[in-house]
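Working notes for the structure below.
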Amino acid sequence: MAKITFIDSNKIEITVEADSGSVMELAVQNGISGIDGDCGGVCSCATCHVHVAAEDMDKVGAANEIEQDMLELDDNVNEFSRLCCQIQISEQLDGVTLTVAAE
Amino acid sequence: MENSVLPDSFKQARESKGIGKVEDQNDPVTMVLGLKDVRKCAHNWKTFQSGAKPGRIVIPSEVNIRETRQIPFEVDPPAHKGFRDLIDPWFKRPLESDYQAQLKSIIDDIIDHSLQQDSVEVVGEFALKLQSRALTVLLNIPYEESELWIGWGKHVFRSEDTDLDGDKAAILYDYIDAQIDKTAANLDQSLYALLLNSEVNGKKLSKEEIKGVMILTFAGGRDTIINAVTNSIAYFSEHPESLTQLAENPDMSSIAVEELIRYFSPLTHMGRVATEDTQVCEHAVKADTRISLCWASANRDERVFENPNEVVLDRKVNPHVGFGFGTHNCLGATHARQLLNILITSLAEKVSTMEIQSQQDNVEDWGEFQRKVGYDSLNVKFTARKY
Ligand code: HEM
Ligand code: FES
């Protein structure tokens with residue numbers, strides 16, 4: 001089990017648990033405001049953009065090239081940006097905090 | 001066996017130059033072909049605008065057949081955002097379960113009916129009917145209204161021998177005018193009523209603006225859905241194993257829809273007008289000339305997609321631009337995705353084989369490129385799955 005904390009687009013903090021699937025799916029199932037997941041998680045829509053807490057970057061890891069190319073054109077991109085459909089849930093993610101990026 | 005293939009017509013030009021050229025009514029277009037370049041230009045709305053003269057960003061240009069500005073399509077930021085913020089929630093209704101149930105009943109009806117025929121002409125008898133009936137759900141108006149739209153035939157803007165037909169387009173414009181007046185006199189729960197009741201950017205919408213939204217909803221969602229549905233039927237006719245794969249893995253359907261959209265790219269390209277002298281792929285683009293963002297070419301870019309010319313239904317990373325990219329990304333995408341998802345799920349449940357009996361390809365002519373985008377007609381025999 002991994003506990004993941006989201007700070008949604010209304011700045012509300014919500015912690016949820018899961019052991020598999022993608023972080024985007026987890027967010028959508030739990031109605032996290034600001035994560036739409038329009039493309040179902042294939043890295044085509046960028047409606048699942050989060051900023052990873054600086055101290056959690058090691059646990060979450062960096063975006064690959066295809067994801068980078070999507071993020072590069074997002075107005076709210078920063079060094080902590082990830083498209084969370086590309087983050088798979090595992091024990092390793094336990095305790096991370098993800099802030100939904102503004103639109 | 002290769003009847004359902006949509007070849008990549010842009011490969012050579014994309015690899016050698018990154019652009020293509022097409023003439024159109026003395027207003028030539030530089031087509032942008034690579035995925036990264038298409039995304040960059042779509043993102044850069046200041047240099048490549050949509051808010052040009054109404055009709056100019058469409059290819060072939062519609063400047064000679066309409067004056068109404070299509071909204072939000074032909075509006076740039078920041079005004080664009082006001083319109084999107086107003087209508088986005090409406091176009092997210094397809095996520096609701098009773099909306100999906102209505103779509104399912106429309107789709108199941110058409111499939112059940114098709115299973116009883118010796119032969120079905122899929123464009124007119126299946127895709128057009130499905131598209132029209134589903135649009136009544138999107139607009140939240142009575143189902144019966146779809147009979148009139150089906151009667152307009154496969155093309156609202158085109159006739160047999162010409163790509164642009166002002167008289168045919170006028171039928172749609174007059175119809176929408178009349179519907180706006182009718183709704184204004186008697187407000188209901190439809191999209192027309194929402195628009196009549198709303199303010200955007202601090203002002204009530206004018207009738208011309210409401211018309212601009214409604215025309216776009218009719219035009220943008222017609223050929224695109226018809227192409228997507230018809231191509232899907234053709235594809236599964238030739239790949240019964242894929243239909244079985246879907247029947248066994250229903251969870252796969254949403255990523256399968258993304259892959260079908262990538263491969264079919266039902267909208268080939270869309271234009272922009274340069275606001276300054278600039279360049280794409282080292283080719284000069286002069287101010288006040290047109291480029292186009294070629295979604296169909298970008299979606300086969302071998303630098304991004306492995307086996308770009310194969311349909312890989314469970315493709316997991318699929319950064320396609322079939323629904324556009326950035327500011328003007330498709331407003332109807334939620335509706336289209338649900339519709340296609342329910343369609344392929346129901347086909348997998350109910351149909352064992354579909355056999356193509358005859359077909360007439362619809363090949364678009366873009367100067368140096370000839371692109372098959374779908375079918376003018378497709379005759380198919382549907383056979384039920386036996387349990
Ligand atoms: C499979 C079906 C569809 C495909 C492939 C598709 C494709 C696209 C693409 C590529 C764009 C971007 C155009 C641009 O950047 O200039 C777009 C925009 C748009 N589409 Fe779709 N479309 C589909 C279905 C629909 C439907 C069903 C509707 C509505 C009934 C619709 C309404 C719109 C509108 C209103 C826009 C403009 C949005 C804006 O400017 O903000 N589309 N579509
Ligand atoms: S859900 Fe579409 S890019 Fe992540």
Side-chain angles (χ1 to χ4, degrees), chain A residues 8-10 18-50 60-78 81-90 93 100-103, chain B residues 34-45 77 81 84-85 88-89 91-92 94-95 251-262 295 298-299 301 303-306 312-327 329-338 340-341:
Chain A
D8 77 5
S9 55
N10 305 315
D19 46 21
S20 65
S22 79
V23 172
M24 180 280 287
E25 286 162 348
L26 179 69
V28 170
Q29 278 155 20
N30 288 282
I32 304 296
S33 163
I35 301 290
D36 296 339
D38 285 351
C39 74
V42 297
C43 203
S44 157
C45 70
T47 64
C48 63
H49 183 186
V50 295
V60 177
N64 69 14
E65 192 187 332
I66 285 180
E67 188 185 330
Q68 285 282 354
D69 286 345
M70 286 290 288
L71 284 167
E72 191 185 289
L73 296 177
D74 196 300
D75 293 334
N76 295 299
V77 69
N78 68 20
S81 284
R82 288 293 312 265
L83 294 176
C84 69
C85 66
Q86 301 302 306
I87 309 173
Q88 289 304 310
I89 297 173
S90 71
L93 286 194
V100 173
E103 260 179 54
Chain B
L35 179 70
K36 277 197 197 185
D37 293 317
V38 165
R39 280 207 296 234
K40 262 192 208 134
C41 295
H43 181 70
N44 188 1
W45 53 265
K81 184 174 182 327
R84 279 296 287 245
D85 286 351
D88 270 342
F91 282 85
K92 291 275 180 197
L95 296 175
D251 289 352
M252 209 180 98
S253 62
S254 66
I255 69 169
V257 166
E258 299 303 316
E259 175 66 349
L260 294 173
I261 291 294
R262 178 191 73 83
W295 322 112
N299 282 340
D301 193 327
R303 290 164 292 188
V304 180
F305 300 101
E306 251 174 68
V312 181
L313 277 189
D314 58 357
R315 198 183 280 275
K316 296 206 172 48
V317 180
N318 194 350
H320 72 82
V321 287
F323 287 118
F325 182 80
T327 312
N329 68 5
C330 180
L331 183 63
T334 315
H335 174 80
R337 284 176 161 126
Q338 287 300 332
L340 292 169
N341 198 324

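Keep in mind that this is a model prediction, so the values were computed, not measured.
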message = Quick check for you: to the nearest 0.5 Å, what is the distance between A:C45 atom SG and B:F323 atom CZ?
response = 11.0 Å
inquiry  = Need one label for B:K36: side chain, backbone, both or neither, based on atoms under 4.5 Å from any heavy atom in chain A.
reply    = side chain
task = May I ask you to test the A:V42-B:R262 pair for a side-chain heavy-atom distance under 4.5 Å?
result = no
task = State, yes or no, whether a side-chain contact exists between A:D38 and B:E258 at a heavy-atom distance under 4.5 Å.
result = no
query = Between B:N318, B:V257, B:T334, which shows the greatest number of heavy-atom pairs under 4.5 Å with chain A?
reply = B:N318
ask   = Got A:L73 and B:F325 here, is their nearest side-chain heavy-atom distance under 4.5 Å?
value = yes
query = Looking at A:I66 and B:V317, what are the two nearest heavy atoms and their distance?
reply = CG2-CG1, 3.8 Å
task = Check each atom of B:K92 against the heavy atoms of chain A and say whether the ones under 4.5 Å are side chain, backbone, both or neither.
result = side chain
remark   = Bottom line for A:Q86: the part with an atom under 4.5 Å from chain B's heavy atoms is side chain
key: Contact origin within A:N64 toward chain B - heavy atom pairs under 4.5 Å   = neither
inquiry  = Please classify the contact of B:R337 with chain A as side chain, backbone, both or neither, using a heavy-atom distance under 4.5 Å.
reply    = side chain
task = Using non-hydrogen atoms and a 4.5 Å limit, figure out which bit of B:H43 sits close to chain A: side chain, backbone, both or neither.
result = side chain
ask   = Can you find a pair of side-chain heavy atoms, one from A:D69 and one from B:K40, that are under 4.5 Å apart?
value = no
Point-to-point distance, once rounded to the nearest 0.5 Å, from OG of A:S44 to CG of B:N299 = 8.0 Å
